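Note that the structure is predicted; figures quoted are calculated from it, not measured. Reminder, nothing fancy here: chain letters follow the sequence lines and each chain counts from 1.
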Protein chains: 2
Amino acid sequence: MRSEAEVMADERVSALVDDLIGRVADKWTMLVLEALEEHGLQRFTQLGRRVPGISQKMLTQTLRQMERDGLVERTVHPVVPPHVDYCLTSLGSSLSEAFCGVWLWAEANLRKVEAARTAFDRRE
Amino acid sequence: MRSEAEVMADERVSALVDDLIGRVADKWTMLVLEALEEHGLQRFTQLGRRVPGISQKMLTQTLRQMERDGLVERTVHPVVPPHVDYCLTSLGSSLSEAFCGVWLWAEANLRKVEAARTAFDRRE
DNA sequence: CTGGATCCCGTTAGATACTG
DNA sequence: CAGTATCTAACGGGATCCAG
């Protein structure tokens, strides 16, 4: 049988996991992750073009967070004009791989979701 | 070779996929999905307890959206006091399965992320 | 009493302009 | 080029209110 301490430890851990999921299951994080995975090392502005709809602010913020979480490596080249590039760490790569299933799901089930939406809206 | 029309169609599709990812890669959606997958059919309030930190407002909103997208089925029993329960559709189940890799990743790499964070914060 | 809608408020995202 | 600053608009949380 499991001790009370073990149960409490598990609860703390799953709270942390939920927290991490909350961080990582974010629209921009996923999209940036995908852009970095697909096109490899690239610069800030390139990356921005690869993630349609993102603002520079959210791009900066998302990249900072991903860097802090160890998903992305940021390299500053001390030149003028400034040159900064980003690439996935192995941790970031592994997350991207984990997200692969979601991408496939989205591609495969896009039509079903659209159908469900129109059916739902009609029902209103 | 691919016609211009095909390329444009692909771009529209990938925009739609990005959009769908944006909807589905949401903290609360993922957490609700997981709670429904793990505990099966359940009522509004139960579900709320299973997703720690969610407000009733976001629970309602998330469930409505998931219902509209065909991920969740909502059943109202016309009794007093009201009884409403929710369960995953097969589409919802398949998404939950697709997310499975992310959950495993989060559990497996929690420590690495924490380490990366403290290292990053120390560097400041 | 449950499920959920509404209102108010603080936080956050987005657009634009500006800087080293 | 790669951000930061600023403003506004939208969103999330909490309390309250309502219908069955």
Side-chain angles (χ1 to χ4, degrees), chain A residues 15 18-19 21-33 35-36 39-69 71-88 120 123-124, chain B residues 15 18-19 21-33 35-36 39-69 71-88 120 123-124:
Chain A
D18 281 16
D19 234 58
I21 291 288
R23 283 282 173 88
V24 129
D26 166 70
K27 177 185 178 178
W28 297 131
T29 302
M30 270 201 68
L31 262 21
V32 168
L33 202 66
L36 281 170
H39 302 282
L41 178 138
Q42 57 202 298
R43 302 176 62 172
F44 184 84
T45 310
Q46 286 179 305
L47 202 41
R49 271 189 302 254
R50 253 78 187 244
V51 184
I54 198 169
S55 62
Q56 332 82 300
K57 182 182 170 182
M58 287 315 294
L59 184 55
T60 304
Q61 202 172 109
T62 303
L63 284 169
R64 279 286 189 293
Q65 192 143 216
M66 291 173 77
E67 189 193 358
R68 188 172 108 96
D69 289 348
L71 304 175
V72 153
E73 190 177 338
R74 176 172 180 267
T75 311
V76 181
H77 302 278
V79 294
V80 176
H83 185 122
V84 180
D85 43 35
Y86 295 89
C87 64
L88 291 184
F120 182 90
R123 223 176 288 129
E124 294 310 272
Chain B
D18 280 17
D19 233 58
I21 291 289
R23 281 283 174 87
V24 128
D26 167 69
K27 178 185 178 179
W28 296 131
T29 302
M30 272 203 66
L31 261 20
V32 168
L33 201 67
L36 281 170
H39 303 283
L41 179 140
Q42 56 202 298
R43 304 178 60 174
F44 184 84
T45 311
Q46 287 178 304
L47 201 42
R49 270 188 303 254
R50 253 81 186 241
V51 184
I54 198 169
S55 62
Q56 337 80 297
K57 185 181 172 180
M58 287 316 293
L59 184 55
T60 304
Q61 203 171 109
T62 303
L63 284 169
R64 278 285 186 291
Q65 190 140 212
M66 292 173 76
E67 190 194 358
R68 189 172 108 96
D69 289 347
L71 303 175
V72 153
E73 189 176 339
R74 175 171 181 268
T75 311
V76 181
H77 302 277
V79 295
V80 177
H83 184 122
V84 180
D85 44 36
Y86 295 88
C87 64
L88 291 185
F120 181 90
R123 225 177 287 130
E124 296 309 271

- Query: Is the distance from OP1 or OP2 of C/dG14 to the nearest side-chain N or O of A/Trp28 less than 4.0 Å?
  - Reply: yes

- Message: Taking the nucleotide of DNA chain D with the nearest heavy atom to each, does A/Pro81 or A/Arg64 sit closer to the 5' end?
- Response: A/Pro81

- Query: Between A/Leu59 (CG) and C/dA15 (P), how many Å, whole number?
  - Reply: 13 Å

- CD of B/Gln46 versus C1' of C/dT2: gap in Å, rounded? 12 Å

- Between B/Arg49 (CZ) and C/dG3 (C1'), how many Å, whole number? 13 Å

- Provide, to the nearest angstrom, the distance between the CE atom belonging to B/Met58 and the P atom belonging to D/dA10. 17 Å

- Under-4.0 Å side-chain N/O to phosphate OP1/OP2 contact, A/Tyr86 with D/dG3: yes

- Message: In this structure, how many angstroms lie between the C1' atom of D/dA2 and the NE2 atom of A/His83, rounded?
- Response: 11 Å

- Task: Quick one: sort the B/His77 and B/His83 rings into parallel, tilted or perpendicular, breaks at 30° and 60°.
- Result: perpendicular

- On DNA chain C, more 5' by nearest nucleotide between B/Thr60 and B/Arg43 is B/Arg43

- Which atom of B/Ile54 lies closest to which atom of B/Gly48, heavy atoms considered: CG2-O, 4.0 Å

- Task: Just do the side-chain contact (heavy atoms from CB on, under 4.5 Å) check on A/Leu33 and A/Met66 with the steps written out, would you?
- Result: CA-CA 9 Å; A/Leu33 202 66; A/Met66 291 173 77; 3.5 Å; yes

- Query: For the side chain of A/Phe44, counting heavy atoms from C-beta on, which of C/dG4, D/dA2, D/dG13 is nearest?
  - Reply: D/dA2

- d(CG, A/Leu63; P, D/dG3) in whole Å: 8 Å

- Closest-nucleotide ordering on DNA chain D, the 5'-leading residue of A/Lys57 and A/Val84: A/Val84

- Item | Value in whole Å for how far the P atom of C/dA13 lies from CG of B/Asp26 | 13 Å

- How far apart are the closest heavy atoms of A/Ala25 and B/Met30, and which atoms are they? CB-SD, 3.3 Å

- Message: What is the distance, to the nearest angstrom, from the CD atom on A/Glu67 to the P atom on D/dA2?
- Response: 15 Å

- Query: When you measure from the side chain of A/Thr45, which nucleotide among D/dG12, C/dG14, D/dC1 comes out closest?
  - Reply: D/dC1

- Message: Tell me whether the side-chain N/O atoms of B/Arg74 come closer than 4.0 Å to OP1 or OP2 in C/dG4.
- Response: yes

- Message: Taking CD in B/Gln42 as the centre, count heavy atoms belonging to other residues, nucleotides or ligands within less than 6.0 Å. Is the count above 12?
- Response: yes

- Message: Quick check: on DNA chain C, is the nucleotide nearest A/Gln61 upstream (toward 5') of the one nearest A/Pro82, or the reverse? Name the residue that is more 5'.
- Response: A/Gln61

